[in-house]
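Note that the structure is predicted; figures quoted are calculated from it, not measured. Residue numbers begin at 1 in each chain, while the letters A, B, ... track the order of the sequences.
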2 protein chains.
Amino acid sequence: MAERVTLKDVAARAGVSYQTVSKVINGNGNVTAETEAQIWRAIEELGYRVNVAARNLRTNASGLIGYTWAPSPPDRGNPILDQFLTSVVTAAEAHGYHLMLFPHPPAIEEVDVYRQLMRSGRVDGFIVASTNYDDPRIRLLIDEAFPFVAFGRSNPEWDFPYVDVDGRAGIRLATEHLIEQGHRAIALLAWPGHSRVGADRAEGYRDAMAAAGLPVDPAWIHHSESAFQSGYAAVQQLLNLPADCRPTAAVALDDTLAIGAIRAALDAGLRVGADFGVTGFDDAPGAQYLSPPLTTLRQPIQQVAERLTEMLVDSIHGRTPSPKQVILPPRLIVRASSVRVGRED
Amino acid sequence: MAERVTLKDVAARAGVSYQTVSKVINGNGNVTAETEAQIWRAIEELGYRVNVAARNLRTNASGLIGYTWAPSPPDRGNPILDQFLTSVVTAAEAHGYHLMLFPHPPAIEEVDVYRQLMRSGRVDGFIVASTNYDDPRIRLLIDEAFPFVAFGRSNPEWDFPYVDVDGRAGIRLATEHLIEQGHRAIALLAWPGHSRVGADRAEGYRDAMAAAGLPVDPAWIHHSESAFQSGYAAVQQLLNLPADCRPTAAVALDDTLAIGAIRAALDAGLRVGADFGVTGFDDAPGAQYLSPPLTTLRQPIQQVAERLTEMLVDSIHGRTPSPKQVILPPRLIVRASSVRVGRED
DNA sequence: CGATTGAAGGCGAACGTTCGCCCGAACGTT
DNA sequence: AACGTTCGGGCGAACGTTCGCCTTCAATCG
């Protein structure tokens, strides 16, 4: 257990007052180049590091950004958590911040946990993910005027800083791509319930179909949990439709559904790509190694993370981030699952 | 921006000194049930939360556990980071700690970053992952007597607390399983270089082969980067061996290699499972949805995380964790990629 | 040549806790 | 009746910073 080196120790060695050392470290204060050099030397020699607890107390800040995320079911990891966290942590450090994780609270205690973290001064700001309509966390943070940035949108009438990926444009791209491949009857594997993200992505499908003048048969739209089994079951049903309204392709709102869809099509004896097109969303690791490799949408996670961090740091420092809202486009990654090679139509 | 509520405010309302309030909150101090109730009421009414910066300064602790991890290449996510972090964060909170992430430092600055974090008092302890022989981080932390727990082993002569998964036993299980399926010529898809984990796992393969009295042809052992392409290339080469020494199965040290191996076998016209057995390691999300589903080893991540956290908290509080070293067995998950159905041999 | 200015750095105070020690009252013991 | 003990709670101090203001001294100016 090493002895703690404080400002006073450094000051004694450099022959100045300890407050002057503080000034040098923080870049304020007028000091000759000579004394400054002496101070830095003393710091070096003693291996001094500022005591963050003391600094935090004095400056009333913590240097921490709070983040939590909904744990995914064990059979289905969060495909982008790794990348996301890496990017956020790196970007945060560049601004002198660190990321503090806290457990995902049950919905009932949700706002309480946020309130406690802010009241106790444990974090300077939040990154709020998995947003939804009427999100109570966002409501709270707006009301308390506490710094935060959301990864995802919420109620349009609420004015708060967020970064989001344009799921609607993404799914539109995927749908257009399938149309281009000659598909006319295209199914949609969507999510259940009233999810902000799900609704947004689904719009992209309708956009593309409408723009191409293609009718949408209600039987083509499946709402189900994001799970392999759901995707599988959905496509099984779709393939049982009468031939005149049987879809030849499916746009899935996420990769997991898409993988189930592929398997169902293969099991039905279809060649995925040539006979039945499938697209996903997320570009989960391994999507490229499926057979056939999955066409999907890749989110610009690193950019998202960087923007989120910059905007949050601005908010923490009392600056309004500009722009206050950012929407980034995903990129369509075309692989074999959606491509008809040498088709005749 | 809400006014900060301090101990003094609570004390004034409850009609006691602020130090008494502190005592009540921390569970020390002798107070009548009556005054205690009054104090708690005042806390409730004012919505008081302790100021962690002040507490940290006084107690010389931060309530934070530091963690970093090597970011995985974009095409291959960390299959277990999500689960691991969820488990650690939850376990830590149960002990009053939070997890602080910091960017993975380049090897050159590695120990410096750890040193700074400890000197500045930003964290009370570390969880050190991806350990290796002669790991400089472990050396540093032992030397400085700073609390930490490793996820993984290092030099056997170093005595420090760790939790590890028994990769050797795991790979042995996988190999034995393949032998049981009738395989005699079994290849090993191993990692390059001098990796602690890689060496350990590879031992399990030799164990099983030796125990079954099976010879190991050096041509069966491939060392390469953990990547789809490596697994693919390795199996291509293996299948080109003369028939009398051509392996009929492969044990891979991780799922990524295994997936490459499966594809190579399929592309060579073999039925994976029946003609050519493959096993992986990690049970990556999606491994069960491959075709064929992948036989693999699942690490008891949640247990690992819980043990790590308990042990670290013990260390932080100056208690020697007991046991000081924990090795947990992985579980073999048998799926179709390694099973010969109705084979005749 | 005295007054003014600006740079260099010292100094006191405060941030909100926790910790150890003290004190008075009440009680029981010899 | 004098004494020790325990209980309930007060009080001063300290943790290591940062911040604003003050002092000193030399250089500049009218």
Q) When every nucleotide of nucleotides 14-19 of chain C is labelled 5' to 3' by its protein contacts under 4.0 Å (heavy atoms), B for base, S for sugar-phosphate only, - for none, what sequence of letters results? A) BBBBBB
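In this structure, A:Tyr67 has its ring center no closer than 6.0 Å to that of A:Phe102. For an aromatic pair to be called close, the ring centres must be under 6.0 Å apart, and A:Phe160 with A:Tyr162 satisfies this.
Put simply, A:Ser17 has a side-chain N or O that comes within less than 4.0 Å of OP1 or OP2 on C:dG10. For the pair B:Thr32 and D:dG9, the criterion of a side-chain N or O lying under 4.0 Å from OP1 or OP2 is met.
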(Q) Could you spell out the base pairing of DNA chain C as a dot-bracket line? Use Watson-Crick and G-U wobble contacts where both distances are under 3.5 Å, [ ] for crossing pairs, | for partners on a different strand. (A) ||||||||||||||||||||||||||||||
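Separating the CD1 atom in A:Ile80 from the CD atom in A:Gln302 is a distance of 13.0 Å, to the nearest 0.5 Å.
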Q) Which is it for A:Arg139 and A:Asp143 under the salt bridge (Lys or Arg N to Asp or Glu O under 4.0 Å) test, yes or no, and what are the steps along the way? A) CA-CA 6 Å; A:Arg139 189 64 261 167; A:Asp143 290 346; 2.6 Å; yes
Q | CA sep, side-chain torsions, deciding dist, call: B:Arg13, B:Leu46, side-chain contact (heavy atoms from CB on, under 4.5 Å) | A | CA-CA 9 Å; B:Arg13 185 167 193 118; B:Leu46 296 174; 3.7 Å; yes
Q: Go through B:Leu312 and B:Ile65 one step at a time and tell me if the side-chain contact (heavy atoms from CB on, under 4.5 Å) criterion holds.
A: CA-CA 9 Å; B:Leu312 180 54; B:Ile65 294 171; 3.5 Å; yes
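For A:Asn78 (side chain) and B:Asp82 (main-chain N/O), no donor-acceptor pair under 3.5 Å exists by modelled atom type.
Within the structure, the side chain to side chain donor-acceptor pair (under 3.5 Å) test picks out the following pairs touching residues 95-116 of chain B (sequence neighbours left out): B:Tyr97-B:His317.
Of the candidates B:Pro147, B:Pro321, B:Pro323, B:Pro321 is the only one forming a side-chain contact (heavy atoms from CB on, under 4.5 Å) with B:Met311.
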Please report, to 0.1 Å, the donor-acceptor pairs under 3.5 Å made by any side chain of residues 48-56 of chain A, with sequence neighbours excluded.
unit_1, atom_1, unit_2, atom_2, d
A:Asn51, OD1, A:Ala53, N, 2.8
A:Asn51, OD1, A:Ala54, N, 3.1
A:Arg55, NH2, A:Asn26, OD1, 3.4
A:Asn56, ND2, A:Val52, O, 3.1

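Using a 4.0 Å heavy-atom criterion, one finds that B:Val16 contacts the sugar-phosphate atoms exclusively.
One atom, CG of B:Asn30, and another, P of C:dG24, lie 18 Å apart when rounded to the nearest Å. Counting to the nearest Å, the P atom of C:dA8 and the CD atom of A:Glu36 are 11 Å from each other.
Partners of B:Asn132 by side-chain hydrogen bond (donor to acceptor under 3.5 Å, both in side chains), not counting sequence neighbours: none found.
Of the residues in residues 38-46 of chain B, none lies under 4.0 Å from DNA chain D by heavy-atom distance.
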